[in-house]
Novice: 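This structure is in structure tokens; I'll ask about it shortly.
Atoms within a ligand are numbered from 1 in the order they appear, just like the ligands themselves.
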Amino acid sequence: MKKYHNICFITIIGIGLSLIVSCNSCRKQKDLVQQEVIEPYVQVSPEFNTDSAYQYVEKQVSFGPRIPNSDAHRACGDYLTTKLTLFGAQVTEQKADIRHYDGSILRMRNIIGSYQPEKAKRILLFAHWDTRPWADRETDLQKQKQPILGADDGASGVGVLLEIARQLQQKPIAVGIDIIFFDLEDSGQPVFDTHIVPGEWWCLGSEYWAKNPHVPEYKASYGILLDMVGAPDASFMKEGYSVQYAANIVEKIWRTAVNLGYGQFFISRNNGYVTDDHLPVNKHHRAPAVDIINIKDNTSTGFPSHWHTHDDNMNIISRGTLKAVGQTVMEVIYSEKGD
Ligand code: AHN
Ligand code: ZN
């Protein structure tokens, strides 16, 4: 009887052990299977055409430096207005006379293209279209006094947004979109003028709009600024004011970029505070706004080495970078649900 008991006991333990073992291997197999069938990310947005974005950058640069009060500035402004109109946006222009740091008057022209203006839920996409009147980061003083072409600093963000405008006409989305090309971003006091004039001389177009929006009481769910989004080795780090005012939008954009395979451009690191067009937009509460901007930690300025030099020309524009930024922004906005 005792022996029988023992056998019985051993058998029960045996069955128990084998159950545990088989359950474990069962679970292991399941884990394996689950790992093998991780779903690839399925893109919801139409394909951003980077050749077309490149052309829009090239066209702006072909006017020459788009410095305030110049013929090239006027001609390029007309081009941008015409393009937005052709792409089906409702276009509004804001004009005002704004005081420059040296006391002269700059004739400002902000260009706004609205899609589905009747919709309450809106997203604001913006870039500056003016170019810096000086190459004040050149070492040679003569070169410093010449205006830059601003292929990256100016034209790249606008080029990407024009392509997005074209796409919005082809395939409308669930939310309203406002695209703003701000003027007078880049007329801040040059470094060679050491007699510092107190005041804020950067981002004058966006400051004007944030105080006097084209629609009274204007608010957007969020805003995205594109600044210097064309260089082949661009690194978009998480800029300080963007994180301070719009942390969840920063995360949404960077996560989307990684999902699309653009993690080499969208770096998961915080780096610096930049006075840029998103600052007035944030301060005046028009939208929590994020700056996608090429930031470097291995240069003295914190910006790429071509910044505010004559190297900022078509040679530093890469279709691959325009694509990474354009497709990421499109994916973010085409994922939005309506009101
Ligand atoms: C300042 O240098 C104060 N802000 C940089 C913003 C900028 C200039 N973006 C392009 N050009
Ligand atoms: Zn600049």
Side-chain angles (χ1 to χ4, degrees), residues 57 60-61 64-68 70 72-73 76 100-101 106 108 110 125-138 143-161 180-194 196-207 209-210 223-231 234-242 244-245 271-283 289-297 299-313 316-317 321 325:
V57 176
Q60 292 171 76
V61 172
R66 281 82 66 212
I67 63 176
S70 72
H73 184 266
C76 185
H100 196 26
Y101 88 95
L106 302 176
M108 181 205 80
N110 287 335
L125 306 177
F126 54 115
H128 77 91
W129 71 276
D130 63 309
T131 56
R132 185 141 181 83
W134 317 279
D136 53 339
R137 296 290 171 175
E138 288 282 352
K143 285 186 186 164
Q144 284 184 19
K145 302 268 166 97
Q146 300 297 318
I148 63 167
L149 281 172
D152 194 23
D153 190 356
S156 67
V158 171
V160 167
L161 293 183
I180 308 189
F181 300 144
F182 284 122
D183 199 1
L184 307 189
E185 188 274 342
D186 233 343
S187 289
Q189 184 162 2
V191 289
F192 54 73
D193 189 344
T194 49
I196 302 219
V197 183
E200 187 47 72
W201 306 111
W202 301 87
C203 305
L204 301 179
S206 54
E207 176 72 22
W209 174 84
I224 304 176
L225 164 61
L226 306 184
D227 192 5
M228 300 192 273
V229 294
S235 42
F236 307 119
M237 297 193 219
K238 299 174 181 178
E239 182 277 331
Y241 295 116
S242 309
Q244 182 185 318
Y245 286 99
N271 196 325
Y273 286 78
V274 180
T275 300
D276 210 344
D277 285 329
H278 66 320
L279 196 54
V281 172
N282 275 313
K283 279 193 173 157
V290 173
D291 193 3
I292 300 179
I293 181 168
N294 187 357
I295 298 178
K296 296 286 174 221
D297 53 15
T299 62
S300 58
T301 61
F303 295 117
S305 58
H306 60 269
W307 183 64
H308 293 179
T309 76
H310 296 298
D311 290 336
D312 187 352
N313 57 44
I316 46 102
I317 298 299
T321 312
V325 174

Novice: In D153, what N, O or S atom is nearest to the Zn ion (ligand 2), if we give its atom name?
Specialist: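 Of all N, O or S atoms belonging to D153, OD2 is the one nearest the Zn ion (ligand 2).
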Novice: Looking at atom 7 (C) of ligand 1, what's its closest protein heavy atom, distance included?
Specialist: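 Answer, as residue, atom name and distance: E185 OE2, 3.1 Å.
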Novice: Is a side-chain donor-acceptor pair under 3.5 Å present for Y101 with D193?
Specialist: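 Per modelled atom types, D193 and Y101 side chains form a pair under 3.5 Å.
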Novice: Could you verify whether a donor N or O on one side chain and an acceptor N or O on the other, from H278 and D227, lie under 3.5 Å apart?
Specialist: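 Short answer, no.
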Novice: Hey, does D186 come in under 3.5 Å of ligand 1, counting only N/O atoms on both sides?
Specialist: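 D186 vs ligand 1: N/O contact under 3.5 Å present.
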Novice: Check each atom of ligand 1 against the heavy atoms of D227 and keep those under 4.0 Å away; list them by number with element.
Specialist: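 So the answer, numbered in order with elements, is 7 (C), 9 (N), 10 (C).
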Novice: Does the D152 side chain pair with the main chain of V229, one donor and one acceptor, at a distance under 3.5 Å?
Specialist: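 Side chain of D152 to backbone of V229: a pair is present.
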Novice: Relative to the heavy atoms of D153, which atoms of ligand 1 are at a distance of less than 4.0 Å?
Specialist: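 Atoms satisfying the 4.0 Å criterion: 10 (C), 11 (N).
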Novice: Taking the Zn ion (ligand 2) as the reference point, name the nearest N/O/S atom of D186.
Specialist: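 Considering only N, O and S atoms, D186 comes nearest to the Zn ion (ligand 2) through OD2.
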Novice: Which residue and non-hydrogen atom of the protein lie closest to atom 4 (N) of ligand 1, and at what distance in Å?
Specialist: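 For this ligand atom, the closest protein heavy atom is T275 O, 3.0 Å.
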Novice: Measure across D130 and F182 and return the closest heavy-atom pair with its distance rounded to 0.1 Å.
Specialist: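 Here D130 and F182 meet closest at OD1-O, 3.7 Å.
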Novice: Would one find an N, O or S atom of H308, in either backbone or side chain, under 2.8 Å from the Zn ion (ligand 2)?
Specialist: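 So H308 does bind the Zn ion (ligand 2) by this criterion.
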Novice: Taking R66 for the side chain and L149 for the main chain, is one N or O donor matched with an acceptor at less than 3.5 Å?
Specialist: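 It does hold such a pair.
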Novice: Work out whether the distance between some heavy atom of R132 and some atom of ligand 1 is less than 4.0 Å.
Specialist: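 In this structure, R132 fails to qualify as a contact of ligand 1 - no heavy atom is under 4.0 Å.
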Novice: Report yes or no: do H308 and D153 form a side-chain donor-acceptor pair below 3.5 Å?
Specialist: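 Short answer, yes.
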Novice: Tell me which one of D297, N294, I295 satisfies side chain to side chain contact (heavy atoms under 4.5 Å, CB included) with S235.
Specialist: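 Going through the options one by one, the only one that passes is N294.
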